[in-house]
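Remember, predicted model here, so these are calculated numbers, not experimental data. The first residue of the sequence shown is numbered 1, and numbering continues consecutively from there.
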Amino acid sequence: MNKIIRRPTYSVCICNYNMADTLERALTSVASQLDEDYEILVVDDGSTDDSVEVAKRVASGFPFIRFIELPRDRERKLGETRNISVREANGEYVILHVDADDVWEPFIKDFVSVFHRLESCMGRDVLLSGQQINIGKRDFLLEHGPYRNTGRLEDRDLWSRLAAIDSYIPLDHRVFRTRLSRPQKLVFWKSVRSLWDRLLYDFRSGADSTVYIMENLQGIVGSRSKPSSLKNRLFRAFFVIPAYLVSKFQEDLTPPEAMNSANAFADYRERTRGTYGEIMSRNGCDPSLAFLSAEARSVFQ
């Protein structure tokens, strides 16, 4: 008799690139709180460290962990790697932005329960965006996304497009994950890469090039409206023009019409965000968290 393989309802999608130093603790913290309704899908973006061996070792103790190895492709940014994780997911729902350098407290299933109550209240497909954790229907996100191929702000870019169709819900709750410390050298190069990707993103998403370049050049002497470290200001001033030139050869990230002003997304986010009780009350539904344990209520109330 053939064994019936049960498809999971939820897929936790984790993208990894050279995070061998934190991957085991991160995966174990997630896997230890889940059950057969879940799978964990780790998509490795061509790591050159021991990530593959670490992931396989952890997976040997948790049969619902799947691992996909991708060849390294410098043209594939984080946004497209996230798309691969969503497309390859077996679950009806995907849980996103669970990163390979985070340790999670045991409240992921409670977050899922909160999502389903909100989803039922609103009567439509939405992406629920919590504190460093998101959930939505896989097919819905593939239809109304997906992520665009950018190395930074791929999440905000998707959120703004979902906000344009009133399907992005930001949820306020206590953060229940801890970012693991990493070697200072790795942190430095990650921050450099993030600054570069941010410059590219801003140009590709329609920033006024002349104004934006001048703002970053003038940032060397400081900015009262956007305070940042001298190191960051120097980097941005030095690389803003090269980033502009590179961006001219990349795909535009044009925002939707409803979100094409500087403050449109921020205004939408402030108007729709809230705690579970606030969002439920605003939509005429029961705000009670009695369906959660007392410990979980302390996270989501």
Side-chain angles (χ1 to χ4, degrees), residues 11-31 39-60 62 64-91 94-104 108 132-134 138 141-142 145-159 177-201 204 232 235 239 243 246-247 250-251 253:
S11 296
V12 181
C13 299
I14 299 178
C15 299
N16 176 79
Y17 177 63
N18 285 345
M19 306 285 279
D21 55 312
T22 59
L23 184 58
E24 182 168 4
R25 290 181 63 189
L27 280 179
T28 302
S29 75
V30 175
E39 70 167 355
I40 299 174
L41 176 58
V42 182
V43 177
D44 185 81
D45 212 357
S47 293
T48 57
D49 64 1
D50 295 330
S51 291
V52 173
E53 290 74 17
V54 170
K56 290 180 177 178
R57 183 171 68 248
V58 178
S60 67
F62 297 97
F64 50 81
I65 295 179
R66 287 200 296 132
F67 188 74
I68 296 176
E69 292 182 63
L70 301 177
R72 187 63 181 158
D73 181 353
R74 293 186 178 277
E75 297 302 313
R76 183 180 59 243
K77 308 301 181 184
L78 178 58
E80 182 55 26
T81 305
R82 290 202 189 282
N83 285 336
I84 292 170
S85 72
V86 175
R87 288 196 298 266
E88 295 296 325
N90 287 326
V94 288
I95 299 170
L96 302 162
H97 301 285
V98 175
D99 290 334
D101 56 352
D102 290 335
V103 167
W104 290 84
I108 292 178
Q132 291 84 47
I133 184 170
N134 293 241
R138 172 186 176 275
L141 294 178
L142 290 175
Y147 292 99
R148 294 199 276 199
N149 193 30
T150 177
R152 179 171 167 77
L153 298 174
E154 80 293 340
D155 48 1
R156 180 190 170 98
D157 179 77
L158 174 63
W159 297 342
R177 72 97 168 99
T178 301
R179 178 60 48 87
L180 294 170
S181 61
R182 306 194 71 206
Q184 194 60 39
K185 182 179 179 180
L186 295 178
V187 173
F188 170 77
W189 286 113
K190 183 178 180 180
S191 66
V192 167
R193 185 71 205 187
S194 293
L195 285 169
W196 171 257
D197 286 337
R198 177 57 190 259
L199 291 171
L200 284 178
Y201 177 85
R204 294 173 66 191
N232 285 2
F235 179 92
F239 284 102
V246 170
S247 73
Q250 297 185 339
E251 175 190 6
L253 301 174

Review point. Does Tyr147 have any side chain to side chain donor-acceptor pair (under 3.5 Å) partners at least two apart in sequence or in another chain, and if so, which?
Key: His97

Practice item. Give the minimum heavy-atom separation between Ser29 and Trp104, together with the two atoms involved. Key: OG-N, 3.0 Å

Review point. Does Arg204 reach the side chain of Thr150, with side-chain heavy atoms less than 4.5 Å apart?
Key: yes

Review point. Should Arg177 and Asp99 count as an ion pair when the cut-off is N to O under 4.0 Å?
Key: no

Exercise for review: To the nearest 0.5 angstrom, please state how far the CD atom of Glu53 sits from the OG atom of Ser47.
Suggested key: 9.5 Å

Practice item. Enter the distance from Trp189:CH2 to Arg182:CZ here, rounded to the nearest 0.5 Å. Key: 15.0 Å

Check your understanding: So, the side chain of Asn18 versus the backbone of Ser51: is there a donor-acceptor pair under 3.5 Å, distance only?
Key -> no

Review point. What are the two closest heavy atoms between Asp101 and Lys190, and how far apart are they?
Key: OD2-NZ, 3.7 Å

Check your understanding: Under a 4.0 Å N-O cut-off, is there an ion pair linking Glu154 with Lys77?
Key -> no

Check your understanding: Minimum heavy-atom separation for Arg138 to Arg87, with atom names?
Key -> NH2-O, 2.8 Å

Check your understanding: Do Val86 and Pro146 come close enough that some side-chain heavy atom pair is under 4.5 Å?
Key -> no

**Study point:** Taking every non-hydrogen atom, the tightest pair across Trp196 and Phe235
**Key:** N-CE2, 3.7 Å

Review point. For the atom pair CG (Leu180) and CE (Met19), what is the distance rounded to the nearest 0.5 Å?
Key: 8.5 Å

Practice item. Please examine the side chains of Leu27 and Phe62, heavy atoms only from C-beta on, and report whether any two atoms are closer than 4.5 Å. Key: no

Point to revise | Within-4.5 Å side-chain heavy-atom neighbours: Tyr17 and Thr81 | key: no

Check your understanding: Is there side-chain contact between Asp155 and Asn134, with heavy atoms separated by less than 4.5 Å?
Key -> no

Practice item. Go through the structure and list residues passing salt bridge (Lys or Arg N to Asp or Glu O under 4.0 Å) with Arg76, not counting sequence neighbours. Key: Asp45

**Study point:** From Leu153 atom CG to Leu253 atom CG, the distance as rounded to the nearest 0.5 Å
**Key:** 10.0 Å

**Study point:** Where Ser181 and Thr22 come nearest, the two heavy atoms and their spacing
**Key:** O-CG2, 4.3 Å

Point to revise | Validation row: Arg152, Leu78 side chains within 4.5 angstrom (heavy atoms) | key: no

Exercise for review: Can you establish whether the number of heavy atoms outside Arg25 located under 6.0 Å from its atom CZ is more than 12?
Suggested key: no

Review point. Below 4.5 Å, heavy atoms only, C-beta onward: do Leu96 and Arg82 meet side chain to side chain?
Key: no

Check your understanding: Donor-acceptor pair, Ser85 side chain versus Ile14 backbone, under 3.5 Å?
Key -> no

Review point. Do Phe239 and Leu195 have side-chain heavy atoms sitting under 4.5 Å apart?
Key: no

Review point. What is the distance from atom SG of Cys13 to atom CD1 of Ile84, rounded to the nearest 0.5 Å?
Key: 11.5 Å

**Study point:** From CA spacing to verdict: side-chain contact (heavy atoms from CB on, under 4.5 Å), Glu80, Asp73
**Key:** CA-CA 11 Å; Glu80 182 55 26; Asp73 181 353; over 6 Å; no

Practice item. Could you tell me which non-hydrogen atom of Leu158 sits nearest to which non-hydrogen atom of Gly145, and how far apart they are? Key: CD1-CA, 3.5 Å

Practice item. Hey, could you give me the SG/CG distance between Cys15 and Leu41, rounded to the nearest 0.5 Å? Key: 8.5 Å

